[in-house]
Amino acid sequence: MSTSPRKFKKILIANRGEIACRIIWTCKEMGIRTVAVHSDVDRDSLHVRFADEAACIGPAPSAQSYLNIPAIISAAEIFNVDAIHPGYGFLAESSYFAEICEACNIKFIGPRPEVIRLMGDKVEARRAMKEAGLPVLPGSSEPVTSEEDGLKLSRQLGFPLIVKASAGGGGRGMRVVRSERELGPALETASNEAAAAFKDGSVYIERYIEQPRHIEIQVLADEYGNCIHLGERECSIQRRHQKLLEEAPSSVLSPELRQRMGDASVAACQKLGYSSAGTIEFLLDKDNNFSFMEMNTRIQVEHAVTEMVTLADIVRNQIRIAEGEPLGYTQDDLLIVGHAIECRINAENPVTFAPSPGLITAFNLPGGPGVRVDTYVYSGYRVPPFYDSLIAKVIVHARTRELAIARMKRALEAMVVEGVKTTIPLHLKIMDDPKFRAGDISTGFMEDFLAHNGAKNGTKALAGAR
Ligand code: MV4
């Protein structure tokens, strides 16, 4: 293996919030200096205080700050950084931004721009992953451009089907179709939604899986073709395509199925020439058949549960890989120990999910054995209304799932956030839910849960939870 041609002395973090802090923590441990960038309203965020240097890159709206490529590159040039870590969201999956970094001789901490672009086009990603040996759901190999083409395809596939936006992801521009007469209108509305949201109205069709589980495999790949997986995350508990809590490992994956999904993911990444951390999302049907859904080419919010059960530092690995270091260990070096759960603490009304920005008047973090909190807020901090409402992640690790649930309950009970509403009461209710406790979950879980505990029926149960 060749020795490292690059060594980073200074990294700019092109992000905000808890993930910016998370990246800075690892940089400190690695002896790498950090540059924070921030908008006008983020001056008092912890990522600005923790970084060695900081630059204001624009006003509050992210289009003028955290998405402002010229301002970010200018800061990178002025502070003379070696690399940029994009975090998640914002520019993390912009192949254009990755290309600009490259052109400016600043290392983008992530995969090659071509791979980011490929995975951003869901029709192309399906094709590439199928070719690379991953099971994909029966469906179209090209965008569907007419009702006629759609009907032809539906006669091969049968119903139900799903129409998805090729430029989509995260659930926008999707329509489930249960009969021939629904197909035309579904193609039309999905395409219009996609055109409005992504400036690209291309849509495609797949067989629809009812109540699947969302299981994703974390991979790490270096620039020399070495690749390993760090097992799976169970991400089925979400509402409107926003994940609420994640776990590792999944209670339904046998060691044998984990190995099959992991090995297939690793082989696919090697065929793609993937490098850096990445996540392959799968749908798991009732019979535990897995199918490729999407690949995320960034670090994810929920990476922490994988870190807990593997003892890996995923950010550190991303940085080492970007420096040109070989991975340095193999699949056999990896052990998955115990069970981890992450609850996303959002500044939101736990019943209506309406954002609840404002001044945090009191804040206490839980601690004790097996508890990790990733956050960027503190008592006296004002949560701005301009960005994502995630203010903290509470992650617990314990020997078993049952112990992890007990640990999460006592951690959430010890956590104090006053001044803004949070999703803590919702998570406490989920921890007590019999189906959740039995591991009986799917992507339909939250809908059922909210029908019993949510705005319509159980408002009091949730509102009174604290
Ligand atoms: C599906 C599906 C069932 N069958 N595709 C939702 C987000 C986007 N990434 C893809 N999604 C889905 N695709 C087929 N062929 C069900 C979903 C889906 C879903 C997936 C993961 C987590 C939560 C979900 C909630 C509703 C629908």
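Whatever order the structure lists ligands and atoms in, that order sets their numbers, starting from 1. Here, residue 1 is the first one in the sequence, and each next residue gets the next number.
- For ligand 1 and M174, the ligand atoms under 4.0 Å from any heavy atom of the residue are 6 (C), 7 (C), 8 (C), 10 (C), 11 (N).
- Geometrically, ligand 1 and E206 share a nitrogen or oxygen pair separated by less than 3.5 Å.
- Closest to atom 10 (C) of ligand 1 among all protein heavy atoms lies M293 SD, 3.5 Å.
- Crowding of E180 atom CD: a count of heavy atoms from other residues, nucleotides or ligands under 6.0 Å exceeding 12.
- For the residue pair H339 and P249, the shortest heavy atom distance occurs at CE1-O, 3.1 Å.
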Could you give me the CA-CA distance, side-chain angles and deciding distance for E234 and S236, then say whether side chain to side chain donor-acceptor pair (under 3.5 Å) is met? CA-CA 6 Å; E234 158 70 69; S236 297; 2.4 Å; yes

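- In this structure the side chain of I341 never reaches within 4.5 angstrom of the side chain of V305, judged on heavy atoms.
- Around atom 20 (C) of ligand 1, the closest heavy atom drawn from D285, I237, L283, V136 belongs to L283.
- The H214 neighbourhood of ligand 1 comprises atoms 21 (C), 22 (C), with distances under 4.0 Å to a heavy atom of that residue.
- Annotation: atom 16 (C) of ligand 1 to nearest protein heavy atom, Y208 CE1, 4.0 Å.
- Using a 4.0 Å cut-off between heavy atoms, K164 contacts ligand 1 through its side chain alone, with no backbone atom that close.
- Atom 19 (C) of ligand 1 has T443 CG2, 4.0 Å as its closest protein atom, hydrogens excluded (heavy atom only).
- Side-chain contact annotation: Q318 with H85, donor-acceptor N/O pair under 3.5 Å present.
- Under a 4.0 Å criterion applied to the non-hydrogen atoms of I162, ligand 1 contributes the atoms 1 (C), 5 (N), 14 (C), 15 (N).
- At a 3.5 angstrom cut-off on N or O pairs, H241 does not count as close to ligand 1.
- In this structure, R344 fails the cation-pi test against F353, since its NZ or CZ atom is not both closer than 6.0 Å to the six-membered ring centre and inside 45 degrees of the ring normal.
- Ranking the protein heavy atoms by distance from atom 9 (N) of ligand 1 puts E294 OE2, 2.8 Å first.
- Checked against R22 for a side-chain contact (heavy atoms from CB on, under 4.5 Å), the options E307, K393, H47 give a single hit: E307.
- The environment of Q331 atom CD is dense: over 12 non-hydrogen atoms of other residues, nucleotides or ligands sit within 6.0 angstrom.
- The shortest N or O to N or O distance between R207 and ligand 1 is below 3.5 Å.
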Assess whether side chain to side chain donor-acceptor pair (under 3.5 Å) is satisfied between R233 and T279, documenting all intermediate values. CA-CA 10 Å; R233 293 186 286 261; T279 301; 3.1 Å; yes

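- In this structure, the ring of Y66 has its center less than 6.0 angstrom from the ring center of Y387.
- Residue I209 places at least one N or O, backbone or side chain, under 3.5 Å from an N or O of ligand 1.
- Summarising the contacts of atom 22 (C) of ligand 1 with Q238, E216, Q211, the nearest heavy atom is found in Q238.
- Of all atoms in ligand 1, listed by their number and element, those nearer than 4.0 Å to a heavy atom of L137 are 14 (C), 15 (N).
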